[in-house]
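Following: one structure in structure tokens, then a few remarks.
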Amino acid sequence: MSLCLHTTESINMYARIVVSSALLSGFAAAAPAAQNSKGGWGQVLSIFEGALPSGYSASATSGASAVSSAVSSAAATAPAGTGVAANQVGDVSGYSNANAPYASETPTPLSVVPSSFGLDSQISAIHTPAPSTGLYAADTQRSSLPTGPTSHGPYSGKPTTTGAVSTIHASATIPTLPPNPTATYYNTNGKLQNEQPIPYTPAGGLGTNGSLPRYMVESDFDYESITLGLYQEWIELDVFNNGVATFSDEDWAAAGLTPEDVSLIQFMAQQEQGHATLLSNMLGETAPPQCTYNYPYTNAREFVDFNQILTRFGESGVWGFINHLDSREVGQLLAQSIATEARQQMIFRQMSGLHPMPVWFETGIPQSWAWTFLAPYISSCPENTTRLAWQNFPALHVANQANINRFSPNDTGLFERTDNRTASPATVPAQSESCINVNTTGYSCGPSVAHNRSEPLSFAGKQVLLEWDAPGQPVGPNMSYVTAAGGVAGAPKFVAWANQLNLTYTPLTVTGANTGYTFQPNGSVYEGGAAIVNGTTFIALTDIDMYLTPFNLSMINPHVVALGLYQAG
């Protein structure tokens, strides 16, 4: 069967979402207290006096997920005699009312707590040294164990080279084509359709024919993608160690973190030593070295907030390109490293007092998006460091970005961030407005396994105030890269929200030079399920609302005017 996600608007996963009248009840609470001193939002408050702003409809149209869109059209496109999977309710026979033999068990009261632990246990063992030579000996690490804080700060020199690496290009955009003509497999009966190569192994799969794996990049696309990944691993290695070396026990305690938490951060830095070595080996002798960085935090609380954002776009950047790699072997090892990165992101969210995983699916983003977020924090790299081919988009700023450190995040003022870089953390408000040391359920945001907040960081229908930089700004290592809008991008008209399996558009209302607003969209990944916009969401200004899916999201790049992050939960 060949599924086409572009036949009608109703079966597209990434459909436009316009704000419904049901959302208007939340608009007034989201209105800013005063006009931004930077100007450009003079029209913002007028919409609350009556009519909906231009471009919004009184009825909402929601985009479906990739899977549900494909399944919804399967009945019309599947071979004769086939259909979609049957619906199934949650009440499975045998589990009605959650009956179980242990349901009435009474927990044993806690009455005896060990306070004396005796001698160490005696077990049979022999001295077992790790092999240092031969097949089973560990390979060397590329990075050394740091012993103190490294030098950091902004770059003050002049670049000798500017712009991304490039050659001649065949076209300004990638054309939209029908599905691959080889994508025809459809199983109509749940049985094997072809001869098995060996017992217990179904036909198909790539790299399963017995050929010797080669764990090296196989194309320019592979090389540039893994090089970007290595830039990400290097900054994570450095920033984790920098936080451990910079802040005292008292600094960590002020953020609610203990020496054991700090030890965990230190261990995550050691994980990055392995990741940096792995990616370096897959690139070869031109793999870039560690650089010097310019961090946006001044205290331990800002440090963990920055890292929950840094690891978010680092992880999402890999999910965006991993299945496009020409080398399946490289993709295999990269997946095993990025699984650890996902755990790091979850831990930093917990240290920041955020819900550890408020989404059903993690987001994949194009390489140029990840490089746009990362580059502003790299101040300089050694001479002759391998340069990247990916684009740096102008920064998109959310002026009223929710402050995760407030017990009432919707009382956040304008630009409560440590600086104007898009991935920089929230500032810490006065103690009387802070949730860090609050012990009340629903309002606390101190480190925890999980928190449910009584007042969400954001909500559907919230007015989002935006500013965006003009192109042509120097950025990145040695200030040697230059920001630019997509090659065919015109004036911005839409805000694209990329999160989970969905790309959702809302109209942009321009209110001045490089300023405007939109409203947070409503919608769920599946009907009655998780909201599309949650966690750290990626947002882009575009001149078009083209329909795209996770696998071809990079096709939007030529139409992107500016790129930013939105903290939703």
Side-chain angles (χ1 to χ4, degrees), residues 155 157-177 216-232 234-235 279-280 282-289 291 313-314 317-318 320-322 324-327 330 364-396 422 468-490 540-544 546 548 552-563:
Y155 180 70
K158 293 184 177 180
T160 56
T161 304
T162 57
V165 173
S166 66
T167 60
I168 59 173
H169 55 268
S171 176
T173 61
I174 299 293
T176 300
L177 301 175
M216 293 288 291
V217 293
E218 292 288 354
S219 64
D220 285 349
F221 183 93
D222 286 10
Y223 183 88
E224 293 295 332
S225 299
I226 299 302
T227 302
L228 170 63
L230 182 53
Y231 270 91
Q232 179 78 26
W234 280 134
I235 192 174
L279 270 62
S280 295
M282 293 192 295
L283 290 169
E285 65 268 22
T286 58
C291 298
F313 65 71
V318 171
F321 71 72
I322 190 168
H324 293 289
L325 293 172
D326 290 286
S327 171
V330 168
I365 59 173
Q367 295 95 322
S368 288
W369 293 30
W371 182 229
T372 295
F373 298 132
L374 172 60
Y377 300 97
I378 306 176
S379 56
S380 64
C381 292
E383 188 176 1
N384 296 324
T385 293
T386 298
R387 298 177 62 77
L388 287 170
W390 308 113
Q391 184 170 3
N392 298 92
F393 290 105
L396 173 61
T422 53
W468 52 98
D469 293 349
Q473 305 297 315
V475 70
N478 309 84
M479 296 300 251
S480 61
Y481 293 80
V482 182
T483 63
V488 299
L541 295 187
T542 67
D543 66 342
I544 192 173
M546 63 191 303
L548 296 169
N552 66 351
L553 179 58
S554 62
M555 289 178 64
I556 200 174
N557 284 350
H559 298 277
V560 171
V561 176
L563 198 62

| Tell me, do L283 and V217 make a side-chain contact under 4.5 Å, heavy atoms counted? | yes

Side chains of S225 and L325, heavy atoms from C-beta outward: is any pair under 4.5 Å?
yes

Interatomic distance, CH2@W468 vs CG@L541, rounded to 0.5 Å, equals 5.5 Å

The reported gap from NE2 in H559 to CG in D543 (rounded to nearest 0.5 angstrom) is 6.0 Å

Check: Tell me, do M555 and T176 make a side-chain contact under 4.5 Å, heavy atoms counted?
Finding: yes

Tightest non-hydrogen contact, residues P471 and A485, listed as CB-N, 4.1 Å

| message | Side chains of P376 and V475, heavy atoms from C-beta outward: is any pair under 4.5 Å? | response | yes

Q) So M282 and S327, side-chain contact (heavy atoms from CB on, under 4.5 Å) or not? Walk me through it. A) CA-CA 10 Å; M282 293 192 295; S327 171; over 6 Å; no

Counting N and O atoms only, with roles assigned by atom type, does the side chain of Q391 sit under 3.5 Å from a partner on the main chain of W371, one being a donor and the other an acceptor? no

inquiry  = I want to check something: taking the side chain as every heavy atom from C-beta on, are Y155 and S380 in contact at a cut-off of under 4.5 Å?
reply    = yes

Side-chain donor/acceptor of T483 to backbone N/O of F393, under 3.5 Å:
no

Rounded to the nearest 0.5 Å, the OG1 atom of T542 sits from the CG atom of L563 at a distance of 11.0 Å

Note: L230 and L279 closest approach over all heavy atoms is N-CD2, 3.4 Å

When every non-hydrogen atom of I556 is compared with those of M546, the smallest separation belongs to CA-SD, 4.1 Å

F221 vs F321 aromatic rings, parallel, tilted or perpendicular, using cut-offs 30° and 60°? perpendicular

On a heavy-atom basis, the closest approach of G317 and A370 is CA-CB, 4.1 Å

> Is the shortest heavy-atom distance from the side chain of P288 to the side chain of T227 under 4.5 Å?
Replying inline: yes

Taking every heavy atom of E224 against every heavy atom of L388, the minimum-distance pair comes out as OE1-CA, 3.5 Å

Hits for side chain to side chain donor-acceptor pair (under 3.5 Å) against D220, two or more places apart or cross-chain, chain-then-number order -> none

Can a donor-acceptor pair be found, under 3.5 Å and without considering hydrogens, that links the side chain of W390 to the backbone of P366?
no

Here the pair of heavy atoms bringing V561 nearest to G490 is CG2-O, 3.5 Å

CH2 of W234 to CD1 of I378, rounded to nearest 0.5 Å, is 12.5 Å

Self-check item: Trace of the side chain to side chain donor-acceptor pair (under 3.5 Å) decision for S219 with D222
Solution: CA-CA 5 Å; S219 64; D222 286 10; 3.3 Å; yes

#### Entry: Main-chain N/O of C381 paired with N478 side-chain donor or acceptor, under 3.5 Å
yes

Taken to the nearest 0.5 Å, the spacing of N552 CG from H324 NE2 works out to 7.5 Å

Value for CG (N392) from CG (L374), rounded to nearest 0.5 Å, stands at 9.5 Å

